[in-house]
Amino acid sequence: MVRALRKTDLEQVMELWLDANTRAHDFIPARYWADRREMVGELLPQAEVLVWEEDGVPQGFCGLNGDHLEGLFVRYGAQSRGIGKALLDAAKGRRDRLTLDVYQKNLGAAAFYRREGFGLQSEGVDENTGEAELHLVWECRPGVEQ
């Protein structure tokens with residue numbers, strides 16, 4: 001079930017965030033993510049965060065900052081069960097347009113977003129990591145089923 005983030009979710013969501021980033025971005029030192037955990041934990045409640053919950057436990061979440069999808073994360077072991085798609089569909093249902101950034105080396109995520117209707121807007125380099133990234137965009141098209 002998709003719902004809004006609760007204060008009581010924050011610790012579990014942050015653990016999920018750290019684990020998912022470390023696993024998905026093995027080309028970036030794990031210390032990079034650990035060093036940003038506190039900052040992200042402070043910023044996360046300021047965003048619109050959607051959580052996928054099963055049996056009272058967050059299994060995934062995504063964060064929206066305006067029309068920008070800051071990230072979408074699914075707990076290891078709960079992936080490939082439709083949770084990411086459900087979260088993305090919920091985000092699409094709240095916006096007519098979404099943008100996001102994904103590392104080029106994160107092939108699985110890039111393929112997922114393209115499969116879900118995102119197109120390439122531009123390419124760049126993340127100044128924090130030096131890694132190449134893709135800037136993707138999705139727009140709702142009237143009459144086209146999302």
Side-chain angles (χ1 to χ4, degrees), residues 1-122 126 128-129 131 133-146:
M1 150 183 99
V2 176
R3 60 166 175 78
L5 177 75
R6 299 177 187 140
K7 276 188 175 184
T8 56
D9 297 327
L10 197 54
E11 188 57 35
Q12 288 181 320
V13 163
M14 288 310 305
E15 287 177 22
L16 195 162
W17 175 87
L18 183 59
D19 183 63
N21 269 311
T22 303
R23 289 177 187 271
H25 308 115
D26 60 356
F27 47 89
I28 296 172
R31 188 89 211 129
Y32 173 83
W33 304 110
D35 288 347
R36 282 154 181 74
R37 187 183 193 282
E38 185 177 335
M39 176 191 64
V40 172
E42 292 172 5
L43 293 173
L44 197 66
Q46 298 172 35
E48 181 179 355
V49 179
L50 305 174
V51 173
W52 177 273
E53 174 190 305
E54 287 179 5
D55 300 323
V57 178
Q59 298 297 316
F61 75 97
C62 67
L64 292 165
N65 183 2
D67 290 343
H68 190 75
L69 183 68
E70 294 290 348
L72 189 154
F73 307 92
V74 177
R75 186 178 304 282
Y76 185 74
Q79 296 171 345
S80 299
R81 293 184 16 218
I83 295 170
K85 179 168 174 33
L87 286 165
L88 187 57
D89 287 348
K92 287 177 174 179
R94 289 166 167 72
R95 304 289 192 277
D96 290 331
R97 180 178 195 271
L98 290 173
T99 61
L100 63 88
D101 301 313
V102 62
Y103 290 114
Q104 280 186 348
K105 290 180 182 175
N106 191 347
L107 301 176
F112 168 75
Y113 291 123
R114 286 191 166 135
R115 190 171 57 245
E116 293 302 318
F118 283 78
L120 181 64
Q121 184 176 38
S122 64
D126 180 343
N128 294 311
T129 63
E131 289 290 334
E133 61 184 1
L134 307 173
H135 307 290
L136 305 180
V137 63
W138 167 87
E139 294 184 272
C140 179
R141 294 177 298 199
V144 176
E145 189 173 319
Q146 303 302 320

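Smallest separation of non-hydrogen atoms from Pro58 and Asp9: CG-OD1, 3.9 Å. Closest approach of Val49 and Leu44 over heavy atoms only: CG2-O, 3.4 Å. Taking all atoms of both residues into account, the shortest heavy-atom contact from Ala110 to Val102 is N-CG2, 4.0 Å. When every heavy atom of Leu98 is checked against every heavy atom of Phe118, the shortest pair comes out as O-CE2, 3.8 Å. Scanning all heavy atoms of the two residues, the minimum distance from Leu72 to Gly84 falls at CD1-O, 3.6 Å.
Partners of Arg75 according to the salt bridge (charged side-chain N to carboxylate O under 4.0 Å, His left out) rule, which considers only residues two or more places apart in sequence or in another chain, do not exist here. With sequence neighbours excluded, the residues that form a side chain to side chain contact (heavy atoms under 4.5 Å, CB included) with Gln121 are Arg97, Thr99, His135, Val137.
Of the possible polar contacts, one joining the Asp126 side chain to the Asn128 backbone as a donor-acceptor pair under 3.5 Å is found. Listed for the Arg95 side chain is a donor-acceptor partner under 3.5 Å among the backbone atoms of Gly66. Remark: side-chain polar atoms of Lys92 are paired, donor with acceptor, to backbone N or O of Glu116 under 3.5 angstrom.
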One pair to check against side-chain contact (heavy atoms from CB on, under 4.5 Å): Arg37 and Glu15. What are the steps and the verdict?
CA-CA 9 Å; Arg37 187 183 193 282; Glu15 287 177 22; 3.7 Å; yes
Set out, in order, the CA-CA distance, both residues' side-chain angles and the distance that settles side-chain contact (heavy atoms from CB on, under 4.5 Å) for Leu88 and Trp138, then state yes or no.
CA-CA 11 Å; Leu88 187 57; Trp138 167 87; over 6 Å; no
I'd like to know whether His68 forms a side-chain contact (heavy atoms from CB on, under 4.5 Å) with Asp101, so could you lay out the CA-CA distance, the side-chain angles of the two residues, the decisive distance to 0.1 Å, and finally the verdict.
CA-CA 9 Å; His68 190 75; Asp101 301 313; 3.5 Å; yes
Could you walk me through whether Arg114 and Leu120 pass side-chain contact (heavy atoms from CB on, under 4.5 Å), step by step?
CA-CA 8 Å; Arg114 286 191 166 135; Leu120 181 64; 4.3 Å; yes
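The distance from the CG atom of Leu5 to the CD atom of Gln12 is 11.0 Å, given to the nearest 0.5 Å. Going from atom OH of Tyr103 over to atom CG of Leu134 covers 11.5 Å, rounded to the nearest 0.5 Å. Here the OH atom belonging to Tyr32 is positioned 9.0 Å from the CG atom belonging to Asn21, to the nearest 0.5 angstrom. The CH2 atom of Trp52 sits 6.5 Å away from atom CD1 of Ile83, with the distance rounded to the nearest 0.5 Å. Distance check: Arg94 CZ to Leu50 CG gives 4.5 Å after rounding to the nearest 0.5 Å. Interatomic distance, Gln59 CD to Leu16 CG, rounded to the nearest 0.5 Å: 7.5 Å.
Contact of the Leu64 side chain with the Leu69 side chain is registered, since non-hydrogen atoms from C-beta on lie closer than 4.5 Å. Inter-residue side-chain proximity for Leu10 and Met14 is flagged as met; some heavy-atom pair is nearer than 4.5 Å.
Relative orientation of the Trp17 and Phe73 rings is perpendicular, given thresholds of 30° and 60° on the angle between their planes.
No more than 12 heavy-atom neighbours from other residues, nucleotides or ligands sit within 6.0 angstrom of OH on Tyr76. Within a 6.0 Å radius of CG in Asp96, other residues, nucleotides and ligands contribute 12 heavy atoms or fewer.
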